[in-house]
Amino acid sequence: MDIELLVRKNILQLEPYSSARDEFANTNANLIFLDANENPFNSRINRYPDPYQNELKTVLSKVNKVPVSQILLGNGSDEVLDLLFRAFCEPKIDNILTLPPTYGMYKVLANINEVENREVLLNSNFQPDINAIINNSDSNSKILFLCSPNNPTANLFSIKKINTLLEKFKGLVVIDEAYIDFSSSNSWLEHLPKHSNLVITQTFSKAYGMAGIRLGVCYASPKIIAILNKIKPPYNINTLTQDAALKFLKENIVFKEHIYLINKEKEVLSKALVDIHFVEKIYPSDANFILVKGDDATNRYHQPLCHNTLRFTIGTSMQTKQLIKALKQLK
Ligand SMILES: *Cc1c(COP(=O)(O)O)cnc(C)c1O
């Protein structure tokens, strides 16, 4: 696929902002920097951060076996998603496809960017409807958003269906893997070399337990990453965030244990929910939350296929006990 044909023309022609730190990413304390109007006092955070986060990306590259040239970092994955809209979707002309019920941010970003959001409902098993997706797309369909495991339904999309969509859809296919570390399945990262239109987003907000630092990761072909680098705010990942993420990646001893505990607690909550009188169905989950159908969870979720459902995030075992106690008290 020729990615350049998908990019907005003004972005292809854009001369990016050249920041003072483009050439000197490594602010060695022995060097003298008098080029960016920084304050010489207050060590380390007096300096602008590395605009391309090379140290952090090098570690991510080793951990995930993806070259640095195929990684872009965002101020949360929400910033990554917004950059994709701004790079590829011409306002009022292009469109994107989303598969409700799904993550609400795709639609909000489409509205902000004045891009038509074509909604193709998941089927009754919460899987993508391939024919409907292809029939609803045209030459202005720039991005298809696949959230797997999907929020709020908690399931993974079938590998075969995703492969078919990667072959048939003529724009970018974004796989949002915000919950992949809770799942039993592998990330799509190893498939990057095969598909020039594949974009994978991940986040430090969920399994890594670092929603507060705002760090999202985008993996794609070097061409797509180069385009996104051109339009991102120069210093979008601040120094404190880069430091915290590096510290986490170098000492990530507890994170696997936390995932284990959360998944164990997920089973505890699933079993306990069976005894709640108004619970009719507990959907299987590959994420850190459970979707439950009740006899009248009135107006909780305003998404299609989600009438009378509630979504519970998995907490600590004490929080589960309190949740169950509260649910049992409901008439
Ligand atoms: C929570 C979540 C994110 C995370 O967004 P951040 O901006 O990285 O915090 C992304 N996608 C989905 C589907 C989510 O549920």
Side-chain angles (χ1 to χ4, degrees), residues 53 56-57 60 64 71-86 96-113 117 119 122 126-128 143-157 162 172-183 185 187-189 198-220 228 232-233 236-238 240-242 244-245 248-249 255 258-259 262 266 283 285-291 300-306 309-315:
Q53 311 95 20
L56 179 49
K57 281 185 195 165
L60 276 173
N64 291 311
I71 307 176
L72 174 113
L73 301 179
N75 187 336
S77 38
D78 289 347
E79 185 186 47
V80 172
L81 300 173
D82 187 50
L83 290 173
L84 287 165
F85 273 92
R86 292 203 280 152
I96 57 140
L97 281 90
T98 60
L99 316 182
T102 194
Y103 187 42
M105 204 58 196
Y106 313 133
K107 183 182 191 167
V108 171
L109 290 169
N111 287 337
I112 291 171
N113 288 289
N117 172 32
E119 301 191 322
L122 294 174
F126 295 144
Q127 290 291 329
I143 311 177
L144 166 63
F145 287 97
L146 304 177
C147 187
S148 180
N150 185 39
N151 180 4
T153 59
N155 63 305
L156 285 157
F157 290 164
I162 294 182
L172 301 185
V173 175
V174 175
I175 306 182
D176 184 337
E177 294 191 330
Y179 299 98
I180 194 68
D181 289 300
F182 296 108
S183 93
S185 190
S187 159
W188 279 80
L189 282 178
L198 172 58
V199 177
I200 296 163
T201 61
Q202 296 183 355
T203 178
F204 276 59
S205 297
K206 306 288 162 56
Y208 293 2
M210 301 187 94
I213 71 168
R214 309 307 301 131
L215 187 63
V217 192
C218 173
Y219 301 94
L228 299 177
K232 78 173 186 67
N236 61 329
I237 311 298
N238 71 69
L240 303 179
T241 293
Q242 294 189 42
F248 170 84
L249 291 170
F255 119 88
H258 288 166
I259 291 178
I262 288 167
K266 185 162 70 182
Y283 293 94
S285 167
D286 264 286
N288 66 332
F289 54 88
I290 304 180
L291 189 73
R300 295 318 297 155
Y301 244 120
H302 297 280
Q303 290 228 43
L305 310 178
C306 283
T309 62
L310 289 167
R311 189 192 68 185
F312 297 112
T313 304
I314 311 302

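Note that these values count all heavy atoms, side chains included, but never hydrogens, waters or copies made by symmetry. Numbering of residues begins at 1 and proceeds along the displayed sequence. We count ligands from 1, going down the list as the structure has it; atoms in each ligand are counted the same way.
Checked by atom type, the side-chain pair Asn150/Ser148 shows no donor-acceptor distance below 3.5 Å. Gln242 and Gln53 share no donor-acceptor pair across their side chains, judged by distance under 3.5 Å alone. Looking only at atom types and distance, the side chain of Asp176 has no donor-acceptor partner in the side chain of Asn151 under 3.5 Å away.
In this structure Arg214 satisfies the salt bridge (charged side-chain N to carboxylate O under 4.0 Å, His left out) test with no other residue, sequence neighbours excluded.
Ring-plane geometry between Tyr179 and Phe289 is classed as perpendicular, the angle between the planes exceeding 60 degrees on a 0 to 90 degree scale with a lower cut at 30. The aromatic rings of Phe255 and Tyr208 lie perpendicular to each other, with more than 60° between the two planes, well past the 30° mark.
Within 4.0 Å of ligand 1, counting heavy atoms only, the contacting residues are Gly76, Ser77, Asp78, Tyr103, Cys147, Asn151, Asp176, Ala178, Tyr179, Thr203, Ser205, Lys206, Arg214.
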